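Computed from a predicted structure; not experimentally measured.
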Amino acid sequence: MKFSLQLINSFINLDHIQFNEFKENLVLSGLEIDDIKTIEKYKDKIIDLNITANREEISSALSLAREASTILNVPITILPIKLKYKNSIERNFNTLKNTQYTHIAYIRIITLEETFTKKTPDWLLDQLKIHNIKHNNILNSIQEYIKIKWGQTFYITNNEEINQQKNIIKQSKLIQLFNTKEIKLIIKNTNDKSKILLFTTINKKTNDTILNNESSEFYENFFIDSIKLINTFIGGKIGKYNEAYEKITIKNKNIQIRKKDISKSLGSIGDKKLKFITTYNINKILKQLQLAPKYCKTGKLFRLVIPNYRANDLIRDIDIIEEIGRIYQFQNFFNRVNTNQVQGYKSRNFIQVKRIKDTLNKMGLHEVINCCITKRIDDSLRSLQIYNPITYEQKELRTNILESLINNYEQNLRNLKNNIEIFEIGKVFIVKNKSRKHYIEKRHIGGLIHNNSYTKNNWSEESGNITLFHFRNIIETFLETINSKATLKEILITNKKTNTHFAEHLLKINKKIKIYDPSNKKTIGLMGEFNNRSIKKFNEKNTKIYIFEINLDELIETTKSNNHLEYIAHKYSNYPSVTRDISVKLEKYVNIEKVKQTIINDDNELIESIEILNEYKNNENTKNNTTRYISIRITYRSNTKTLNTEDIKYIDKSLDKKIKELQQA
């Protein structure tokens, strides 16, 4: 659609704005310019705009001037003249009370008598030619020109058309409120050869002071402009006009939009990532858009009234947000989405579970996930049966994790994977009350290691299997890494009671160790070598598999935070040390930790360290051979002086006493 810059300039003053700036602002606001032509004769520029379907209201010089006024924040220089409709006749075809109506439908009828045509001016013909409108007669040309300039125009008819009750609603839908019968009542004595001009509008109440530059507000202006052109270029007599109005109700279209939605969609501005467009600037832009904004502080939202000429364009919240960004100019916003690195609250349990998983992964174990509904590999034990199971393989709730890990081990062997190091964190279900059939759900962590090439004594030798000592060291390292106070404690052979919560029946009797919480003196887990004979299909296999299972929640209770370390720093002694190597004869099942504790319990401040050097056993397999010899190195050192002869005599005497106590134990 083509627009004359001179016509636009008749509504707003663009003299202080460079044309390139004007053109650039139109493009940035979404009005694409297809072509610009200069007419030297009239010193005018013709702008050819590509109007999108949602901006069909931009169809005249006034509408484009109104858009430019909004974009450039330049006021329209022509002030609308108020319509004084109360002097006209009220037609109560739809009777409404004064408090009910919002608008008035108004019609003004002009009779043009004894007309004769003058020469049509060239500038008027050129304006029609620009818009590809053919010249018919001077009155029709004026009619078309007024529409190009104001976006509304008058309708031309005569007595013959009115008497025949022809449909005269061709150019304005506003006339439909006044049909031919009503128009005939308004018109008084007219000559049959006279032209009848109909001027119509729908206007707001007179007490409504809010102006949004709608074309209806300029009704009087366009009427005066039309009459001036008719007087100037058409010879004839203009009769006194007749007028009438009717009260009608038109509902305003209102939209509410929250400020946080505007900030979220448009993002931050300026040089600071957390700075959003202010409420003041938003309100200013909404006023500039003629949306009559009202800000609600409690709800932090804007209430807007949409003008009639934007009713088909501004429908949703996002349409308003787009208009704000268009006027503020999108280049002033960041062109990338700001990512918030703020983390939500993480519970201690969540952090500790993640830490446990990371620790096991770093130690070379791979996590597996199994279903809690399974079929037990040991049918001899009592299981938690499910009513109406889906399949035969999923008919029980598991009571431990180890059986699932053994199934994983078998599946890996079928796929020719020999070295298997896996762990799982999952749910197990335990009978709390057998008579009432009440079950409780717990979280356990279990692991399985089978590795035939775990260690080498010499580079030239073949790799060896993992042993119980290696596996014990792995568990101790794991507990130490997660800052757990839990310790490993032997299970006496004389203790015939088995712990069903951790599937103790799957461990060999003489190769199982309990994981112990010293604070409440409770067993929280088990570890050891898998008992091949506990399951039928493993009877003939001579495979060493090491397994462990721990109650996860109880394990987390034994861990402590690193925020306040309990370590105490001591300065290294600058004085020489004294070492004593001793050999102690002990019974076969005396724990070496007991030996260390016996020596330390002497409260000897000079003892710096105790080291186990070696263990000696008699190779003869006799029933009476129940003793062994332990070689121990004890280091003495003082932080305040060099040890003298008296100190060494005291040390030797104390050692002799401790050796006798140990050998008698």
Side-chain angles (χ1 to χ4, degrees), residues 1 3 8 12 21-34 47 49-60 62-76 151 210-215 252-296 299-340:
M1 187 171 287
F3 299 88
I8 297 168
I12 59 173
E21 182 185 350
F22 173 73
K23 179 179 68 174
E24 184 180 351
N25 278 280
L26 287 181
V27 174
L28 289 174
S29 65
L31 299 176
E32 185 179 348
I33 298 176
D34 288 341
I47 305 170
L49 293 181
N50 184 5
I51 304 298
T52 56
N54 64 325
R55 299 306 306 273
E56 290 180 350
E57 82 279 357
I58 303 177
S59 58
S60 63
L62 172 62
S63 58
L64 185 57
R66 179 178 59 205
E67 185 68 14
S69 171
T70 301
I71 296 168
L72 301 171
N73 199 19
V74 177
I76 291 180
I210 299 175
L211 300 176
N212 50 25
N213 295 332
E214 291 192 48
S215 58
N252 289 326
K253 184 178 180 182
N254 301 320
I255 290 181
Q256 290 186 356
I257 182 168
R258 296 181 298 178
K259 183 181 182 298
K260 70 175 184 179
D261 292 338
I262 298 172
S263 300
K264 183 179 179 181
S265 298
L266 293 177
S268 50
I269 61 172
D271 299 327
K272 296 181 181 179
K273 292 185 178 180
L274 298 179
K275 183 180 179 183
F276 297 102
I277 184 170
T278 62
T279 304
Y280 172 79
N281 284 334
I282 294 173
N283 196 63
K284 183 180 177 182
I285 291 170
L286 293 174
K287 285 181 179 178
Q288 194 172 327
L289 289 164
Q290 308 296 334
L291 299 180
K294 290 183 180 179
Y295 183 65
C296 176
K300 293 185 178 180
L301 53 85
F302 294 90
R303 294 189 176 95
L304 312 175
V305 180
I306 307 302
N308 291 330
Y309 63 89
R310 298 298 300 273
N312 297 324
D313 177 25
L314 304 180
I315 301 172
R316 306 164 299 169
D317 291 358
I318 193 64
D319 298 329
I320 305 296
I321 294 171
E322 185 181 358
E323 287 294 295
I324 295 170
R326 185 171 68 92
I327 301 302
Y328 194 82
Q329 295 187 350
F330 288 106
Q331 66 266 26
N332 293 323
F333 296 93
F334 280 98
N335 59 359
R336 63 180 183 276
V337 178
N338 294 330
T339 55
N340 295 326

A.B. asks: How many angstroms lie between atom CD1 of I321 and atom CZ of R258, to the nearest 0.5 angstrom?
C.D. replies: 10.0 Å
A.B. asks: From the options I306, I315, I282, select the one residue that forms a side-chain contact (heavy atoms from CB on, under 4.5 Å) with I320.
C.D. replies: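 Looking at I306, I315, I282, the match for I320 under the side-chain contact (heavy atoms from CB on, under 4.5 Å) is I306.
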A.B. asks: Which atom pair, heavy atoms only, marks the closest approach of D317 to I257?
C.D. replies: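 Result for this residue pair: O-CD1, 3.6 Å.
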A.B. asks: Without swapping roles, check the side chain of S29 against the backbone of L26 for a donor-acceptor pair under 3.5 Å.
C.D. replies: yes
A.B. asks: May I ask you to decide if R316's main-chain N or O and D319's side chain share a donor-acceptor pair within less than 3.5 Å?
C.D. replies: yes
A.B. asks: Over all heavy atoms of both residues, which pair between S63 and E57 is shortest? Give the atoms and the distance, please.
C.D. replies: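 Answer, listing the atom of S63 first, then E57: CB-O, 3.3 Å.
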A.B. asks: Would you say that more than 12 heavy atoms from the other residues, nucleotides or ligands in this model lie under 6.0 Å from the NZ of K253, or not?
C.D. replies: yes
A.B. asks: Work out which heavy atom in R303 is nearest to a heavy atom in C296; give both atom names and the distance.
C.D. replies: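 Closest approach of R303 to C296: NH1-CB, 3.6 Å.
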A.B. asks: Are D261 and K264 within salt-bridge range, i.e. N to O under 4.0 Å?
C.D. replies: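 Looking at D261 and K264, the cut-off is not met.
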A.B. asks: Taking all atoms of both residues into account, what is the closest heavy-atom pair of I12 and P75, and its distance?
C.D. replies: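 It is CG2-O, 3.8 Å.
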A.B. asks: Measuring from I285:CD1 to T70:OG1, what's the distance to the nearest 0.5 Å?
C.D. replies: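 Reported value, rounded in 0.5 Å steps: 11.5 Å.
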A.B. asks: So, taking the atom named CG in L304 and the one named NZ in K287, what distance separates them when rounded to the nearest 0.5 Å?
C.D. replies: 12.0 Å
A.B. asks: Run the side chain to side chain contact (heavy atoms under 4.5 Å, CB included) check on Q290 and R310 step by step: do they pass?
C.D. replies: CA-CA 10 Å; Q290 308 296 334; R310 298 298 300 273; over 6 Å; no
A.B. asks: Side chains of I71 and R326: closer than 4.5 Å at any heavy-atom pair?
C.D. replies: yes
A.B. asks: Under 3.5 Å, side chain of N25 to main-chain N/O of E21, donor-acceptor pair present?
C.D. replies: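 Between the backbone of E21 and the side chain of N25 there is a qualifying donor-acceptor contact (under 3.5 Å).
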A.B. asks: To check you understand the geometry: which heavy-atom pair defines the closest contact between L291 and L314, and what is its length?
C.D. replies: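 Shortest heavy-atom contact: CD2-CD1, 3.9 Å.
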A.B. asks: Just how far is it from atom CG of L289 to atom CD of E323, taken to the nearest 0.5 Å?
C.D. replies: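 Output value for this atom pair is 5.5 Å.
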A.B. asks: Does any part of the side chain of L49, heavy atoms only, come nearer than 4.5 Å to the side chain of D34, both counted from C-beta?
C.D. replies: no
A.B. asks: Taking all non-hydrogen atoms of both residues into account, name the closest pair between R66 and E214 and its distance.
C.D. replies: NH1-CA, 3.8 Å
A.B. asks: Can you name the residues that form a ring-ring contact (aromatic ring centres under 6.0 Å, His included) with F302, not counting sequence neighbours?
C.D. replies: Y295
A.B. asks: With a 4.5 Å limit on heavy-atom distance, are the side chains of Y328 and L266 in contact?
C.D. replies: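 No, every pair of side-chain atoms sits at 4.5 Å or beyond.
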A.B. asks: Side-chain contact test, heavy atoms from C-beta onward, threshold under 4.5 Å: evaluate it for L64 versus S59 and give yes or no.
C.D. replies: no
A.B. asks: For E24, check side-chain contact (heavy atoms from CB on, under 4.5 Å) against everything at least two apart and list the hits.
C.D. replies: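 L28.
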A.B. asks: To the nearest 0.5 Å, what is the distance between OG1 (T279) and NZ (K300)?
C.D. replies: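 These two atoms lie 8.5 Å from each other.
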A.B. asks: Enter the distance from N50:CG to T52:OG1 here, rounded to the nearest 0.5 Å.
C.D. replies: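 Between atom CG of N50 and atom OG1 of T52 there are 7.5 Å.
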A.B. asks: In sequence, state the C-alpha distance, the side-chain angles, and the governing distance for F22 and I47, and then conclude on side chain to side chain contact (heavy atoms under 4.5 Å, CB included).
C.D. replies: CA-CA 11 Å; F22 173 73; I47 305 170; 3.7 Å; yes
A.B. asks: Answer yes or no: is there a donor N or O on one side and an acceptor on the other, between the side chain of S69 and the main chain of V74, under 3.5 Å?
C.D. replies: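 It does hold such a pair.
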A.B. asks: Go through the structure and list residues passing side chain to side chain donor-acceptor pair (under 3.5 Å) with N312, not counting sequence neighbours.
C.D. replies: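 By the side chain to side chain donor-acceptor pair (under 3.5 Å) rule, N312 matches no residue at all.
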